[in-house]
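Side chains are part of it too, since the values below use all heavy atoms of this structure and drop only hydrogens, waters and symmetry mates.
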Amino acid sequence: MKPEELKQTLIRMQKETQEGKLKWKMEVQTTEGNEEKYTVTEEGQEWTVDECYVAYTCHYREKDFCLISYEMIKTTEEQVRTINYIFLPPLGVRLFSLHTLLEHSVKADAVLLSQVHALFVLLMDLAKKGNGQVVLSLSQADVNIEDDV
């Protein structure tokens, strides 16, 4: 699916979700809550690194849909840098691994990333309400920075 087509699909999916027509499974794996933090030194500064994967799955228009987002967050006392990827893997690929997912990446511009973030916010709000429209699974992970990213 091309980025523009994905943007339009996400807009329609969000609307149908707000109307109560779609049910979602949302799996979040993050390092943010870890007590021990992974750090890297770049440009003479020490950066704290966190990673977050989110898998969004639902049955949409007679097909299974899965989108996985990845965000790496590097912080210092003065700066925050992020790296974001969007993936549309086939049904058999549900691993939170950049090596596995990279071949399924979608070229993501700021608008597409914003649309995925809007979906995240919508689904988190629905999960908090507990009405059963979103099944949320949250787990901790270790930082798994891969050298070739």
Side-chain angles (χ1 to χ4, degrees), residues 1-34 37-40 42-43 47-76 79-129 131-149:
M1 185 179 301
K2 295 184 185 218
E4 187 58 40
E5 183 182 356
L6 180 56
K7 287 178 214 173
Q8 296 306 315
T9 298
L10 289 174
I11 290 169
R12 288 190 302 273
M13 293 174 98
Q14 288 174 19
K15 184 176 187 285
E16 291 183 32
T17 299
Q18 290 169 329
E19 294 169 351
K21 295 178 182 177
L22 288 179
K23 293 188 179 201
W24 291 86
K25 181 177 180 186
M26 190 169 151
E27 297 172 77
V28 179
Q29 188 177 83
T30 183
T31 62
E32 288 188 55
N34 293 358
K37 292 294 185 175
Y38 183 83
T39 60
V40 295
E42 295 176 355
E43 302 168 7
W47 297 81
T48 301
V49 179
D50 279 303
E51 293 182 306
C52 183
Y53 285 94
V54 182
Y56 308 83
T57 56
C58 71
H59 194 73
Y60 179 68
R61 297 193 176 174
E62 314 270 329
K63 295 181 182 177
D64 288 326
F65 173 85
C66 179
L67 180 143
I68 297 176
S69 64
Y70 168 82
E71 183 175 29
M72 178 190 292
I73 307 122
K74 294 181 181 179
T75 57
T76 66
Q79 297 180 52
V80 176
R81 293 182 182 170
T82 63
I83 298 169
N84 297 277
Y85 290 101
I86 303 296
F87 309 100
L88 290 173
L91 293 179
V93 177
R94 293 293 184 272
L95 297 174
F96 290 150
S97 160
L98 286 180
H99 283 302
T100 303
L101 292 170
L102 275 176
E103 69 182 88
H104 309 291
S105 66
V106 175
K107 187 172 173 86
D109 61 11
V111 176
L112 180 54
L113 291 172
S114 177
Q115 205 63 49
V116 172
H117 180 72
L119 178 63
F120 177 83
V121 171
L122 172 62
L123 297 181
M124 289 299 285
D125 286 345
L126 290 170
K128 287 178 192 175
K129 290 179 182 175
N131 67 359
Q133 193 174 350
V134 177
V135 175
L136 175 63
S137 170
L138 178 63
S139 62
Q140 284 188 299
D142 294 323
V143 170
N144 190 19
I145 295 175
E146 305 185 34
D147 295 337
D148 58 350
V149 174

Side chains of [X] and [Y] in contact at under 4.5 Å (non-hydrogen atoms):
{"X": "Gln18", "Y": "Leu126", "answer": "no"}
{"X": "Cys66", "Y": "Asp64", "answer": "no"}
{"X": "Thr30", "Y": "Leu138", "answer": "yes"}
{"X": "Ser69", "Y": "Asn84", "answer": "no"}
{"X": "Glu51", "Y": "Tyr38", "answer": "no"}
{"X": "Gln140", "Y": "Asn34", "answer": "yes"}

Considering all heavy atoms of both residues, which atom of [X] and which atom of [Y] are nearest to each other, and what is their separation?
{"X": "Arg61", "Y": "Glu16", "result": "NH2-OE2, 3.4 Å"}
{"X": "Lys23", "Y": "Gly132", "result": "CD-O, 4.4 Å"}
{"X": "Thr31", "Y": "Lys37", "result": "O-NZ, 3.3 Å"}
{"X": "Val49", "Y": "Met72", "result": "CG1-CG, 3.9 Å"}
{"X": "Leu22", "Y": "His59", "result": "CD2-O, 3.5 Å"}
{"X": "Leu101", "Y": "Pro89", "result": "CD2-CB, 4.1 Å"}

- Message: Please verify the inter-ring angle class for Trp24 with Phe65; under 30° counts as parallel, over 60° as perpendicular, anything in between as tilted.
- Response: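 Ring orientation of Trp24 relative to Phe65: perpendicular.
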- With under 30° as parallel and over 60° as perpendicular, where do the rings of Tyr56 and Phe120 fit, or are they tilted in between?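 Rings of Tyr56 and Phe120: perpendicular, as their planes differ by over 60°.
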When rounded to the nearest 0.5 angstrom, what is the spacing between [atom1] in [X] and [atom2] in [Y]?
{"X": "Leu67", "Y": "Thr9", "atom1": "CG", "atom2": "OG1", "answer": "10.5 Å"}
{"X": "Leu113", "Y": "Glu71", "atom1": "CG", "atom2": "CD", "answer": "9.0 Å"}
{"X": "Ile73", "Y": "Trp47", "atom1": "CD1", "atom2": "CH2", "answer": "12.5 Å"}
{"X": "Met26", "Y": "Met124", "atom1": "CE", "atom2": "CE", "answer": "5.0 Å"}
{"X": "Gln29", "Y": "Tyr70", "atom1": "CD", "atom2": "OH", "answer": "11.0 Å"}

- Query: For Lys25, does the NZ atom sit with more than 12 other heavy atoms under 6.0 Å from it, leaving out its own atoms?
  - Reply: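 Counting other residues, nucleotides and ligands, NZ of Lys25 stays at 12 neighbours or fewer.
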- Message: Under the criterion side-chain contact (heavy atoms from CB on, under 4.5 Å), I'd like the reasoning laid out for Tyr53 against Leu98: C-alpha separation, chi angles, the key distance, then a yes or no.
- Response: CA-CA 10 Å; Tyr53 285 94; Leu98 286 180; 3.4 Å; yes
- Answer yes or no: is there an ion pair linking Glu43 with Lys74, defined by an N-O contact shorter than 4.0 Å?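 No.
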- Under the side-chain contact (heavy atoms from CB on, under 4.5 Å) criterion, do Leu112 and Leu10 qualify, and how do the steps go? CA-CA 9 Å; Leu112 180 54; Leu10 289 174; 3.9 Å; yes
- Could you tell me whether the side chain of Ser114 and the main chain of Ala110 form a donor-acceptor pair under 3.5 Å?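 No.
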- Item | side-chain hydrogen bond (donor to acceptor under 3.5 Å, both in side chains) between Gln8 and Glu4, worked out | CA-CA 6 Å; Gln8 296 306 315; Glu4 187 58 40; 3.1 Å; yes
- Task: Start with the C-alpha distance between Leu88 and His104, add both sets of side-chain angles, then the distance that settles side-chain contact (heavy atoms from CB on, under 4.5 Å), and finish with yes or no.
- Result: CA-CA 6 Å; Leu88 290 173; His104 309 291; 5.6 Å; no
- Output, in order, the C-alpha distance, side-chain angles, deciding distance and verdict of side-chain contact (heavy atoms from CB on, under 4.5 Å) for Val134 and Lys129. CA-CA 9 Å; Val134 177; Lys129 290 179 182 175; over 6 Å; no
